Enquirer: 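The structure under discussion is supplied below as structure tokens; questions concerning it will follow.
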Amino acid sequence: MSAPKQGDLRVWWIPQIGMGAVFHVSVSTPAEAKKLIAVLADYDIFQFENNVTPDYSNVGGLECFQQYGAPASDDDFPDWCEWEDEDCNNIGDHEVSA
């Protein structure tokens, strides 16, 4: 697995809040992320409705890799941050065009 680059996107998903583990999937676009998040949520509902899991309390979102400061300097603080579009909407607010 290669190191993330500025602007890389990934979906994060926790199928049961409190479990501590986070599932990550790299995506190419916010539209792809929106679809994946919907599929993961639908899958959790399917498992609940078909008695695969007794309950669930899930949460997920989209992160963007951000490089802070000049690369390879003491001010270099790369991190994954919650994604927002140019209008400060998060993935839950993001409208996918057809």
Side-chain angles (χ1 to χ4, degrees):
M1 185 170 166
S2 62
K5 298 178 198 62
Q6 181 77 9
D8 281 356
L9 299 172
R10 72 179 184 186
V11 166
W12 62 272
W13 190 257
I14 301 173
Q16 186 69 37
I17 295 173
M19 70 181 282
V22 180
F23 177 71
H24 292 106
V25 178
S26 295
V27 293
S28 299
T29 66
E32 183 182 356
K34 187 95 174 183
K35 174 83 173 189
L36 179 57
I37 290 167
V39 168
L40 290 168
D42 288 347
Y43 182 64
D44 287 350
I45 291 169
F46 172 84
Q47 287 191 1
F48 174 71
E49 290 176 345
N50 289 280
N51 299 315
V52 176
T53 56
D55 66 2
Y56 68 95
S57 178
N58 57 21
V59 65
L62 177 61
E63 296 176 318
C64 181
F65 190 78
Q66 298 292 318
Q67 185 80 40
Y68 298 105
S73 75
D74 290 337
D75 297 322
D76 187 20
F77 300 105
D79 204 2
W80 288 97
C81 303
E82 202 62 25
W83 175 89
E84 291 182 341
D85 67 13
E86 59 278 352
D87 296 323
C88 298
N89 296 311
N90 67 27
I91 193 63
D93 301 324
H94 185 68
E95 294 293 324
V96 177
S97 42

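Not measured: the values here are computed from a predicted model. Index from 1, following the sequence. Both backbone and side-chain heavy atoms feed into the values below; hydrogens, waters and symmetry mates do not.
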Enquirer: Measure across L62 and A33 and return the closest heavy-atom pair with its distance rounded to 0.1 Å.
Expert: CD1-CB, 3.7 Å
Enquirer: Could you measure the distance from the OG atom of S57 to the CD atom of Q16? Nearest 0.5 Å is fine.
Expert: 6.0 Å
Enquirer: Please list, one pair per line, the donor and acceptor atoms closer than 3.5 Å that link side chains of residues 41-51 to other protein atoms, with sequence neighbours excluded.
Expert:
unit_1	atom_1	unit_2	atom_2	d
Y43	OH	Q47	NE2	2.7
D44	OD2	W13	NE1	3.3
D44	OD2	N58	ND2	2.8
N50	ND2	F46	O	2.9

Enquirer: Looking at W80 and L9, what are the two nearest heavy atoms and their distance?
Expert: CZ3-C, 4.1 Å
Enquirer: With a 4.5 Å limit on heavy-atom distance, are the side chains of V11 and F23 in contact?
Expert: no
Enquirer: Might you point out which heavy atoms bring Q66 and C64 nearest each other, and give the distance in Å?
Expert: NE2-SG, 3.0 Å
Enquirer: Does W83 have any ring-ring contact (aromatic ring centres under 6.0 Å, His included) partners at least two apart in sequence or in another chain, and if so, which?
Expert: H94
Enquirer: Checking N89 now: which residues fulfil side chain to side chain contact (heavy atoms under 4.5 Å, CB included) with it, not counting sequence neighbours?
Expert: D85, D87, D93
Enquirer: Are L40 and I17 connected in a single hydrophobic cluster, I mean Ile/Leu/Val/Met/Phe/Trp/Tyr linked by side-chain heavy atoms less than 4.5 Å apart?
Expert: no
Enquirer: For G92, is there any backbone N or O sitting under 3.5 Å from a side-chain donor or acceptor partner on K34?
Expert: yes
Enquirer: Which heavy-atom pair separates L36 from V27 by the least distance, and what is that distance?
Expert: CD2-CG1, 4.1 Å
Enquirer: Just verifying a value: how many Å separate E32 CD and I37 CD1, rounded to the nearest 0.5 Å?
Expert: 11.0 Å
Enquirer: Honestly curious: do Y56 and V59 fall in one hydrophobic cluster under the side-chain, below-4.5 Å linking rule?
Expert: no
Enquirer: Report yes if the side chains of R10 and D8 come closer than 4.5 Å at any heavy-atom pair, otherwise no.
Expert: no
